[in-house]
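Note that these values count all heavy atoms, side chains included, but never hydrogens, waters or copies made by symmetry.
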Amino acid sequence: QVQLVESGGGLVQAGGSLRLSCTVSGRTFSSYTMGWFRQAPGKEREFVAVVSWRGGSTDYTNSVKGRFTISRDNAKNTVYLQMNSLKPEDTAVYYCATSTWTNVPRRQGQYDYWGQGTQVTVSS
């Protein structure tokens with residue numbers, strides 16, 4: 001059974017930083033692309049960042065470029081999202097997900113397993 005468990009969310013002031021983690025069990029982590037998505041209250045879930053299976057390719061939504069960094073540690077079956085210079089509009093539930101696509105997919109339908117989400121709240 002594949003399980004994804006996110007952690008690291010919390011309440012932070014604008015301008016602050018958080019690092020999210022997502023640990024995967026039940027599948028060969030190093031073979032899969034990993035992505036982060038988020039869903040703000042009243043909005044649809046949206047793509048945030050993705051990293052390829054070896055970590056050589058990444059992609060970000062425009063609103064987080066230069067502030068967020070996605071990385072992975074295949075030895076620990078974990079993907080990270082380092083979030084700096086946080087803004088109130090970054091407030092959302094953040095989800096990690098796995099994908100069998102070998103490029104850096106952005107669409108939710110290209111991901112097969114999802115975590116339960118972790119809340120990030122940025123106060124102004």
Side-chain angles (χ1 to χ4, degrees):
Q1 182 179 359
V2 180
Q3 288 189 323
L4 289 75
V5 180
E6 300 102 333
S7 61
L11 174 63
V12 63
Q13 289 187 335
S17 298
L18 284 174
R19 188 176 81 155
L20 305 183
S21 301
C22 171
T23 300
V24 180
S25 61
R27 80 179 341 181
T28 306
F29 177 78
S30 60
S31 298
Y32 296 94
T33 296
M34 295 297 302
W36 285 98
F37 289 76
R38 66 186 180 186
Q39 186 168 21
K43 295 187 177 182
E44 294 186 352
R45 190 160 56 184
E46 64 173 356
F47 165 79
V48 176
V50 58
V51 59
S52 61
W53 65 284
R54 280 187 175 179
S57 296
T58 59
D59 193 17
Y60 300 88
T61 192
N62 286 341
S63 63
V64 308
K65 283 181 180 178
R67 300 188 298 122
F68 290 12
T69 302
I70 188 170
S71 61
R72 65 191 296 160
D73 185 338
N74 287 344
K76 296 183 178 180
N77 288 2
T78 300
V79 61
Y80 305 98
L81 186 67
Q82 177 67 44
M83 306 186 295
N84 299 328
S85 302
L86 282 161
K87 304 175 181 180
E89 51 264 43
D90 295 318
T91 295
V93 177
Y94 283 71
Y95 300 88
C96 65
T98 69
S99 175
T100 58
W101 286 65
T102 56
N103 59 354
V104 282
R106 288 172 163 245
R107 298 196 308 272
Q108 295 183 55
Q110 294 172 298
Y111 290 80
D112 48 6
Y113 290 97
W114 295 78
Q116 82 290 347
T118 186
Q119 176 70 48
V120 171
T121 303
V122 184
S123 63
S124 57

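Panel note: side chain Ser57, backbone Ser52; no donor-acceptor pair is recorded below 3.5 Å. Under the 3.5 Å distance criterion, the side-chain polar atoms of Gln116 are left unmatched by any main-chain donor or acceptor of Val5. In terms of modelled atom types and a separation under 3.5 Å, the side chain of Arg106 and the main chain of Ala49 share no donor-acceptor contact. One N or O on the side chain of Tyr60 and one on the backbone of Ile70 form a donor-acceptor pair closer than 3.5 Å. Between the Glu6 side chain and the Gly117 main chain, a donor and an acceptor come within less than 3.5 Å of each other.
Criterion: ILVMFWY side-chain heavy atoms under 4.5 Å apart, direct or through other members. Under it, Val104 and Leu81 are not part of a common hydrophobic cluster. In the hydrophobic cluster analysis, where Ile, Leu, Val, Met, Phe, Trp and Tyr join through side-chain heavy atoms closer than 4.5 angstrom, Val24 is grouped apart from Trp53. A continuous path of hydrophobic side-chain contacts links Leu86 to Val48 [ILVMFWY only; heavy atoms under 4.5 Å]. Hydrophobic clustering (ILVMFWY, side-chain heavy atoms < 4.5 Å, transitive): Val64 and Tyr80 are in distinct clusters. Cluster membership for Val12 and Tyr94, using ILVMFWY side-chain heavy atoms within less than 4.5 angstrom, is shared.
Put simply, the side chain of Val120 reaches to within 4.5 Å of the side chain of Met83, judged on heavy atoms. Side chains of Val79 and Trp36 form a contact here, defined as non-hydrogen atoms less than 4.5 Å apart. The closest side-chain heavy-atom distance from Val50 to Gln110 is not below 4.5 Å. Looking only at side-chain heavy atoms (C-beta outward), Thr102 and Thr33 stay at 4.5 Å or farther from each other. Taking the side chain as every heavy atom from C-beta outward, Trp114 and Phe37 approach each other to under 4.5 Å. In this structure, Thr98 and Met34 have side chains that are in contact, with non-hydrogen atoms separated by less than 4.5 Å. In this structure the side chain of Ser99 reaches within 4.5 angstrom of the side chain of Tyr111, judged on heavy atoms.
Between Phe47 and Pro105, the shortest heavy-atom distance links the atoms CE1-O, 3.8 Å. Taking all atoms of both residues into account, the shortest heavy-atom contact from Asp90 to Arg38 is OD1-NH1, 3.0 Å.
Identified under the disulfide (SG to SG under 2.5 Å) test for residues 67-124, with sequence neighbours left out: Cys22-Cys96.
Residues satisfying the side chain to side chain donor-acceptor pair (under 3.5 Å) test with Thr61, not counting sequence neighbours, are none.
Cation-pi check for Arg72 over Tyr32 is not met; the charged atom does not lie both under 6.0 angstrom from the ring centroid and within 45 degrees of its normal. Both the sub-6.0 Å distance and the 45° axial angle are not jointly satisfied by Arg27 relative to the ring of Tyr113.
Rounding to the nearest 0.5 Å places OG1 of Thr91 at 7.5 Å from CD of Gln119. Leu18 contributes atom CG, which lies 9.0 Å from atom CZ of Phe68 (distance to the nearest 0.5 angstrom). Expressed to the nearest 0.5 Å, how far CG of Asn77 lies from OG of Ser30 amounts to 7.5 Å. The OG atom of Ser63 sits 8.0 Å away from atom NZ of Lys87, with the distance rounded to the nearest 0.5 Å.
Side-chain contact, Thr78 with Thr23: a donor N or O sits under 3.5 Å from an acceptor N or O. Side-chain polar atoms of Ser17 and Asn84 form a donor-acceptor pair below 3.5 angstrom.
Residue-environment remark: NZ (Lys65) exceeds the threshold of 12 foreign heavy atoms within 6.0 Å.
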